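Each remark here refers to the structure printed beneath this line.
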Amino acid sequence: MARKKLVDAASKGLLAESAMIAQGRGEAYDYLLGERTSESALLAIREAAARLRAAARPIISVNGNTVVLAGESLIRVAAAIRCPIEVNLYYRSPERIAGLLSLLSEQREGLKGEGAPIGFSGNWLNAVGSVRLMGAEEDGRIEGLEGSRSICSAEGIESADTVLVPLEDGDRCEALIALGKEVLVIDLNPLSRTSMMASVTVVDEVARASEALVGEVIACQRGPSQWDNQRVLRDALDIMAGALERI
Ligand code: ATP
């Protein structure tokens with residue numbers, strides 16, 4: 001189903017050419033993980049939830065694959081913590097930005113009809129309806145990056161203190177960290193530069209992790225903890241090595 005969604009989105013021009021290569025890379029790691037959320041990934045999801053809740057200006061940065069695979073769950077997360085979502089693309093094109101914003105907007109409309117997630121107190125319809133969708137503005141810059149890859153929204157990523165950014169590339173993760181932001185990533189590859197540099201890495205599939213994150217941001221009652229990110233990366237590698245040993 002995930003592949004079909006991506007193929008359909010690609011045929012509508014919503015994805016960069018490299019999107020399928022990234023998906024294939026992710027699937028390979030997911031096989032080795034057993035296609036399930038590990039205990040340490042769940043701990044990382046909880047830590048990400050605590051940091052998003054504690055942030056003064058949190059934001060969720062999404063690319064094409066993320067919108068297609070996990071857009072609805074991430075809109076629920078944004079509704080629960082009242083933060084914006086920014087479409088921010090490595091290979092930026094005005095057409096794809098507009099297409100992804102309109103897909104997110106459709107997803108947001110669709111969610112208005114659903115009941116509030118368990119544990120959410122407040123008006124869900126209003127919370128979902130007021131999730132701000134950003135990315136068309138080109139008035140901000142990510143310092144340390146060149147050309148179109150540095151473009152972002154001034155009121156979005158540029159001024160955020162905490163960025164949840166699934167499937168990010170290494171250079172941008174590094175630039176965001178260098179700017180002093182908390183960077184929370186979801187990435188199936190524990191050895192990617194992004195995974196190794198992030199403040200908190202959730203080594204899990206983006207749709208699964210985002211769905212779990214909805215419940216965690218709503219249930220979260222604690223602040224950020226001392227976090228050993230190397231430990232979750234090592235744990236993911238141990239699980240993968242264990243899978244190879246079973247053959
Ligand atoms: P880096 O630049 O961080 O070293 P990279 O060059 O692989 O890594 P990208 O091309 O942006 O970076 O790849 C995106 C990452 O997303 C890859 O590590 C891939 O494993 C991961 N990925 C792809 N699909 C999914 C998915 N559905 N869920 C989670 N992670 C995914």
Side-chain angles (χ1 to χ4, degrees), residues 1-10 14-38 40-42 44-45 48 60-74 77 86-93 96 100 103 107 142 144-152 157 163-178 181 183-214 229-230 232-237 239-240 243:
M1 283 166 69
R3 287 182 194 162
K4 168 96 173 79
K5 282 186 187 175
L6 288 170
V7 168
D8 290 349
L14 292 176
L15 305 179
E17 284 171 7
S18 59
M20 300 302 183
I21 302 172
Q23 169 70 10
R25 203 150 66 250
E27 284 184 12
Y29 289 108
D30 207 16
Y31 278 136
L32 294 172
L33 277 179
E35 296 181 286
R36 61 182 192 86
T37 303
S38 68
S40 65
L42 185 57
I45 291 169
I60 303 174
S61 169
V62 292
N63 68 3
N65 289 35
T66 301
V67 173
V68 171
L69 297 174
E72 284 164 345
S73 291
L74 291 172
V77 171
E86 176 169 338
V87 176
N88 196 261
L89 305 178
Y90 186 87
Y91 300 108
R92 193 180 176 92
S93 90
R96 281 196 299 110
L100 291 167
L103 177 55
Q107 292 173 337
I142 304 173
L145 294 178
E146 310 255 299
S148 68
R149 289 168 56 204
S150 70
I151 298 171
C152 68
I157 291 174
V163 189
L164 170 66
V165 56
L167 279 50
E168 183 54 294
D169 98 287
D171 287 349
R172 280 212 302 212
C173 180
E174 188 171 14
L176 293 171
I177 292 270
K181 299 181 195 295
V183 182
L184 316 171
V185 306
I186 302 172
D187 189 331
L188 277 160
N189 178 2
L191 293 173
S192 73
R193 283 202 304 133
T194 305
S195 285
M196 293 200 281
M197 265 178 312
S199 320
V200 176
T201 304
V202 176
V203 184
D204 197 8
E205 198 281 321
V206 70
R208 272 199 317 267
S210 302
E211 196 181 329
L213 188 59
V214 179
N229 206 47
Q230 298 306 314
V232 290
L233 299 181
R234 273 198 301 271
D235 189 67
L237 284 170
I239 295 171
M240 292 179 188

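Any value given below was found using the heavy atoms of this structure, including those in side chains, with hydrogens, waters and symmetry copies removed. Values in this document were obtained by computation on a predicted structure and should not be read as measured data. Counting starts at 1 for both ligands and their atoms, in listed order.
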Practice item. Indicate whether the side chain of Asp187 and that of Thr194 have a donor and an acceptor atom separated by less than 3.5 Å. Key: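 On atom types as modelled, these side chains do not qualify, holding no pair under 3.5 Å.
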Review point. Who are the side-chain contact (heavy atoms from CB on, under 4.5 Å) partners of Leu14, not counting sequence neighbours?
Key: Ala9, Lys12, Leu100, Leu103
Review point. Between Ile151, Val163, Ile157, which is the residue that forms a side-chain contact (heavy atoms from CB on, under 4.5 Å) with Ile142?
Key: Ile157
Would you mind writing out a table of all protein N or O atoms found under 3.5 Å from any N or O atom of ligand 1, naming both atoms and giving the distance to 0.1 Å?
from, atom 1, to, atom 2, distance (Å)
ligand 1, 2 (O), Gly170, N, 2.8
ligand 1, 3 (O), Gly170, N, 3.3
ligand 1, 3 (O), Arg193, N, 3.4
ligand 1, 3 (O), Thr194, N, 2.9
ligand 1, 3 (O), Thr194, OG1, 2.5
ligand 1, 4 (O), Arg193, N, 2.9
ligand 1, 7 (O), Arg25, NE, 3.1
ligand 1, 7 (O), Arg25, NH2, 2.8
ligand 1, 10 (O), Arg25, NH2, 2.6
ligand 1, 13 (O), Arg25, NH2, 3.0
ligand 1, 18 (O), Asp187, OD1, 2.8
ligand 1, 18 (O), Asp187, OD2, 3.3
ligand 1, 27 (N), Glu205, OE2, 3.0
ligand 1, 28 (N), Val206, N, 2.9
ligand 1, 30 (N), Leu188, N, 3.2

Exercise for review: Check each of Arg36, Arg25, Arg208 against Asp30 using the side-chain hydrogen bond (donor to acceptor under 3.5 Å, both in side chains) test, and report the only one that passes.
Suggested key: Arg208
Check your understanding: Rounded to the nearest 0.5 Å, what separation is found between the CG atom of Leu15 and the CG atom of Asn63?
Key -> 8.5 Å
Point to revise | Heavy-atom pair with the smallest gap, counting every atom of Ser148 and Arg92 | key: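 Ser148 and Arg92 have their closest heavy atoms at O-CD, 3.9 Å.
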